[in-house]
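Keep in mind it's a predicted model, so treat the numbers as computed, not measured. Computation of the quantities below employed the complete heavy-atom set of this structure, encompassing side-chain atoms and omitting hydrogens, waters and symmetry-equivalent molecules.
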Amino acid sequence: MARGRAGKGRERGEGRRRGGREAVVEAVDGGTAELRPDPERAEGWSLLIDGAPQSHVDLADPSHLAFPYQRRLGHVIDLVAPAGQPLRVLHLGGGALTLARYVGATRPRSTQQVVEKDAALVRLVRRVLPLGPQARVKVREGDAREGLGRVADGWADLVVADVFSGARTPAHLTSVEFLAEVRRVLAPGGWYAGNLADGPPLAYLRGQVATAAVVFPEVAVAADPVVWRGKRFGNAVLVAAGQPAGSYAQLTLSPWREG
């Protein structure tokens with residue numbers, strides 16, 4: 001989830017009414033957070049940080065994913081195991097807990113851990129957009145790399161990384177050492193999915209794919225065609241696995257090719 005730097009924001013809890021519901025605006029560690037009601041969905045909310053959209057939640061329908069990059073990550077979640085099968089999922093970066101809610105809705109009885117550095121954001125989201133009573137989601141406040149290091153070997157069926165500082169993933173979450181830690185916590189047959197962002201000439205994305213290929217024998221990438229063609233800056237989802245995964249053919253991803 002991309003975040004800007006902290007700036008001057010409204011006082012805690014100040015809101016603006018939209019469609020009969022109050023927007024909630026508070027200062028968080030990463031800037032000024034706004035939870036804005038979605039006028040087209042009765043229980044939909046958008047999370048903005050310093051005015052930039054970050055994620056969307058529909059409390060009535062957690063399976064709804066409004067952002068394209070989140071739909072790509074949701075597609076990975078759909079294919080990592082047979083439909084409805086519970087998973088053990090580690091989320092590095094929580095935001096509005098959109099993907100954790102998606103897993104809970106589409107794969108009941110899943111067990112999930114979320115590591116989110118912005119403690120004030122965690123408190124805001126859990127207060128205004130609480131998880132359902134049946135959720136099996138443990139949210140830990142802290143650095144994603146440190147949180148990863150506390151997870152047991154082979155615990156996760158899926159690790160999802162969605163952590164940004166400005167427009168880039170923090171450097172300590174882009175190294176071979178980081179991905180080796182990810183592979184350590186993955187169960188046999190487990191998958192890693194990371195949200196990245198880049199623009200022409202895609203040098204950063206190329207570097208991240210090359211880094212992943214050092215650790216994982218199976219690597220694929222998905223992005224909007226205009227990003228692939230180098231027309232604009234945008235998100236790409238990197239998927240990696242420690243062994244061949246037949247479902248990769250269904251991902252509509254393009255295996256990375258140099259050149």
In residues 150-161, what donor-acceptor pairs under 3.5 Å come from side-chain atoms, sequence neighbours left out?
from, atom 1, to, atom 2, distance (Å)
D153, OD1, R184, NH1, 2.5
D157, OD2, R88, N, 2.8

Here the pair of heavy atoms bringing F67 nearest to P53 is CZ-CB, 4.0 Å

Test side-chain contact (heavy atoms from CB on, under 4.5 Å) on L121 and D29 and set out the steps. CA-CA 7 Å; L121 179 62; D29 300 338; over 6 Å; no

Report the C-alpha distance between D162 and H91 in whole Å, list the side-chain angles of each, state the deciding distance to 0.1 Å, and finish with yes or no for side-chain contact (heavy atoms from CB on, under 4.5 Å). CA-CA 8 Å; D162 186 11; H91 302 266; over 6 Å; no

Just jot down the side chain to side chain contact (heavy atoms under 4.5 Å, CB included) partners of P130, sequence neighbours excluded, or say none. none

What I'd like to find out is whether the side chain of L196 reaches to under 4.5 Å of the side chain of D198, using heavy atoms alone. no

So which atom in A81 and which in L87 form the shortest heavy-atom distance, rounded to 0.1 Å? CB-CD2, 3.7 Å

Do the side chains of L148 and V185 get nearer than 4.5 Å, heavy atoms only? yes

Which heavy atom in T98 sits nearest to a heavy atom in S55, and how many Å separate them? OG1-CB, 3.7 Å

Report yes if some heavy atom in the side chain of D224 is under 4.5 Å from a heavy atom in the side chain of Y69; otherwise report no. no

Can you find a pair of side-chain heavy atoms, one from R107 and one from Q85, that are under 4.5 Å apart? yes

side-chain contact (heavy atoms from CB on, under 4.5 Å) assessment of L92 paired with F178: CA-CA 12 Å; L92 303 178; F178 165 73; 3.8 Å; yes

Has R21 got a side-chain atom pairing as donor or acceptor with A42's backbone, closer than 3.5 angstrom? yes

Residue pairs passing the ring pair (Phe, Tyr, Trp, His ring centres under 6.0 Å) test where at least one lies in residues 22-63, sequence neighbours excluded: H56-H64

Can any side-chain N or O of R136 pair as donor or acceptor with the backbone N or O of R109 at less than 3.5 Å? yes

I'd like to know if L124 and L48 are part of one continuous hydrophobic network [Ile/Leu/Val/Met/Phe/Trp/Tyr, side-chain heavy atoms within less than 4.5 Å]. no

Distance col, row E34:CD vs D50:CG, nearest 0.5 angstrom, shows 11.0 Å

State, yes or no, whether a side-chain contact exists between T174 and T211 at a heavy-atom distance under 4.5 Å. no

Using the test side chain to side chain donor-acceptor pair (under 3.5 Å), find all partners of Y204 that sit at least two apart in sequence or belong to another chain. none

Applying side chain to side chain donor-acceptor pair (under 3.5 Å), name anything that partners D143, two or more places apart in sequence or on another chain. H172

How long is the span from the CG atom in L173 to the CD atom in Q208, to the nearest 0.5 Å? 9.5 Å

Starting at CG of D58, measure out to CZ of R101 and round the result to the nearest 0.5 Å. 10.0 Å

Looking only at heavy atoms, the pair that brings G74 and L65 closest together is CA-CD1, 3.8 Å

Decide whether V114 and L131 are clustered together by the hydrophobic rule: side chain heavy atoms of Ile, Leu, Val, Met, Phe, Trp, Tyr closer than 4.5 Å, transitively. yes

Under the side-chain contact (heavy atoms from CB on, under 4.5 Å) rule, what do V237 and N235 come out as? Steps first, then yes or no, please. CA-CA 7 Å; V237 171; N235 293 84; over 6 Å; no

List for me each residue that meets side chain to side chain donor-acceptor pair (under 3.5 Å) alongside T106, sequence neighbours excluded, and say none if there are none. none

As a test of understanding, state which of L186, V182, V115 forms a side chain to side chain contact (heavy atoms under 4.5 Å, CB included) with L90. V115

Is the closest side-chain heavy-atom distance between L97 and V57 below 4.5 Å? no

Strictly below 4.0 Å, N to O, side chains only: are R127 and E26 in salt-bridge contact? yes

Co-membership, hydrophobic cluster, residues V137 and L59, 4.5 Å side-chain: yes

Which heavy atom of V76 sits nearest a heavy atom of A193, and at what distance? CG1-CB, 4.1 Å

Over all heavy atoms of both residues, which pair between E116 and V122 is shortest? Give the atoms and the distance, please. CG-CG2, 3.4 Å

Would you indicate whether the side-chain heavy atoms of Q134 and P108 approach each other to under 4.5 Å? no

Between S63 and Y102, is there a side-chain heavy-atom distance shorter than 4.5 Å? yes

Interatomic distance, CG@L129 vs CG@L35, rounded to 0.5 Å, equals 5.0 Å

